[in-house]
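The structure presented is a predicted model; accordingly, all values stated were derived computationally and were not measured. Numbers restart at 1 for each chain; the letters A, B, ... are given by sequence-line order, proteins then strands.
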There are 2 protein chains.
Amino acid sequence: MIGRLNHVAIAVPDLEAASAQYRDALGAVVGPAVPQPEHGVTTVFVLLPNTKIEFLQPLGADSPIQGFLAKNPSGGIHHVCYEVEDIDEASRRLVAAGARVLGDGAPKIGAHDKPVLFLHPKDFSGHLIELEQA
Amino acid sequence: MIGRLNHVAIAVPDLEAASAQYRDALGAVVGPAVPQPEHGVTTVFVLLPNTKIEFLQPLGADSPIQGFLAKNPSGGIHHVCYEVEDIDEASRRLVAAGARVLGDGAPKIGAHDKPVLFLHPKDFSGHLIELEQA
């Protein structure tokens, strides 16, 4: 069911520092910072030949990554995002398999303007998985 | 300098459970468990169209991921691995940029029989980066 790895999201306390590390030390192609107030984050994409890295910095008072950064003040790998063809079918299959979809269980429009959902880390060996309709 | 994302490594306490989650709930192609006693881990690869996920389970008494699992008993995303063309050149460039290579600084032969090195998470926004010569 899952297809490509769309991105790996890394929560960082300082987007400019993270961007400079990847651009200058690692020689990667790093995009601009894009504030996404409706999602509580500012994002920067690192473009790799086969996928993307997405840096997330909290934006506003109720950022969904604030708790993660409180536990990991230097930053850390926050989630992986896999593409699926049909997010509703994916949701049904996962719930039938006993997995929990975060929130009310319905896909939402994500930061890339596509339907997404998040799966409970306790059902997937402690890591957070986002599914995005490709 | 960095090229493809070679893999995302996820430390797990139970390889069979993690494999079943990805095979059955997520419908992914999951390979066999491969003990790597010289690296202190047993690995399982999940094959995605554009990259791989590598599950790591501790093997033996001195596994390099034992400490991570002690802090994250359910498991968690352990590192990302980027490909480079020339690991020695990459090492020189990174050290010149002020980044610290873990261990004695020299590339080692990794779990895929290719030269690898690991970069200090404190120099890269809290996440562990492996570089592998492609």
**OP:** Of all the heavy-atom pairs spanning B/G3 and A/L48, show the shortest one and how long it is.
**Re:** O-CD2, 3.6 Å
**OP:** Please answer: with hydrophobic residues joined when any side-chain heavy atoms are less than 4.5 Å apart, are A/M1 and A/F124 in the same cluster?
**Re:** yes
Subject >> Nearest heavy atoms of A/A25 and B/L94, plus distance in Å >> reply: O-CD2, 3.5 Å
Original post:
For A/R93, is it the side chain, the backbone, both, or neither that has a heavy atom closer than 4.5 Å to a heavy atom of chain B?
Top reply: side chain
Subject >> Heavy-atom closest contact (B/H127 atom, A/F55 atom, distance) >> reply: CE1-CE2, 4.4 Å
Subject >> Choice from B/G76, B/P73, B/A99, B/G75 maximising heavy atom contacts with chain A below 4.5 Å >> reply: B/G75
Subject >> Interatomic spacing from OG in B/S125 to CG in A/L15 - rounded to 0.5 Å >> reply: 9.0 Å
Subject >> Expected output: side-chain B/N50 to main-chain A/R4 donor-acceptor under 3.5 Å >> reply: no
Original post:
Are A/V12 and A/V44 co-members of a hydrophobic cluster defined by side-chain heavy atoms under 4.5 Å apart?
Top reply: yes
**OP:** Starting at CD1 of B/I53, measure out to CD1 of A/I129 and round the result to the nearest 0.5 Å.
**Re:** 8.5 Å
Subject >> Region of A/V29 that comes under 4.5 Å of a non-hydrogen atom in chain B >> reply: neither
Original post:
With only heavy atoms counted, which part of B/I10 is less than 4.5 Å from chain A, the side chain, the backbone, both or neither?
Top reply: side chain
Original post:
Heavy-atom distance under 4.5 Å to chain B: side chain of A/A18, backbone, both or neither?
Top reply: both
Original post:
Which heavy-atom pair separates A/V80 from B/I77 by the least distance, and what is that distance?
Top reply: CG1-CD1, 4.0 Å
Original post:
So which of B/G98, B/P121, B/G27 has the biggest tally of heavy-atom pairs under 4.5 Å with chain A?
Top reply: B/G27
Original post:
Are B/V95 and B/Y82 connected, step by step, through hydrophobic side chains (Ile, Leu, Val, Met, Phe, Trp, Tyr) whose heavy atoms are closer than 4.5 Å?
Top reply: yes
Original post:
Are B/V8 and B/L56 grouped together when hydrophobic residues (ILVMFWY) are joined by side-chain heavy atoms under 4.5 angstrom apart?
Top reply: no
Subject >> chain A contact via B/V46 - side chain, backbone, both or neither, heavy atoms under 4.5 Å >> reply: neither
Original post:
A/L59, A/F68: one ILVMFWY side-chain cluster at the under-4.5 Å cut-off?
Top reply: no
Original post:
When heavy-atom pairs shorter than 4.5 Å are enumerated against chain B, which of A/D123, A/L128, A/T51, A/L5 gives the highest number?
Top reply: A/L5
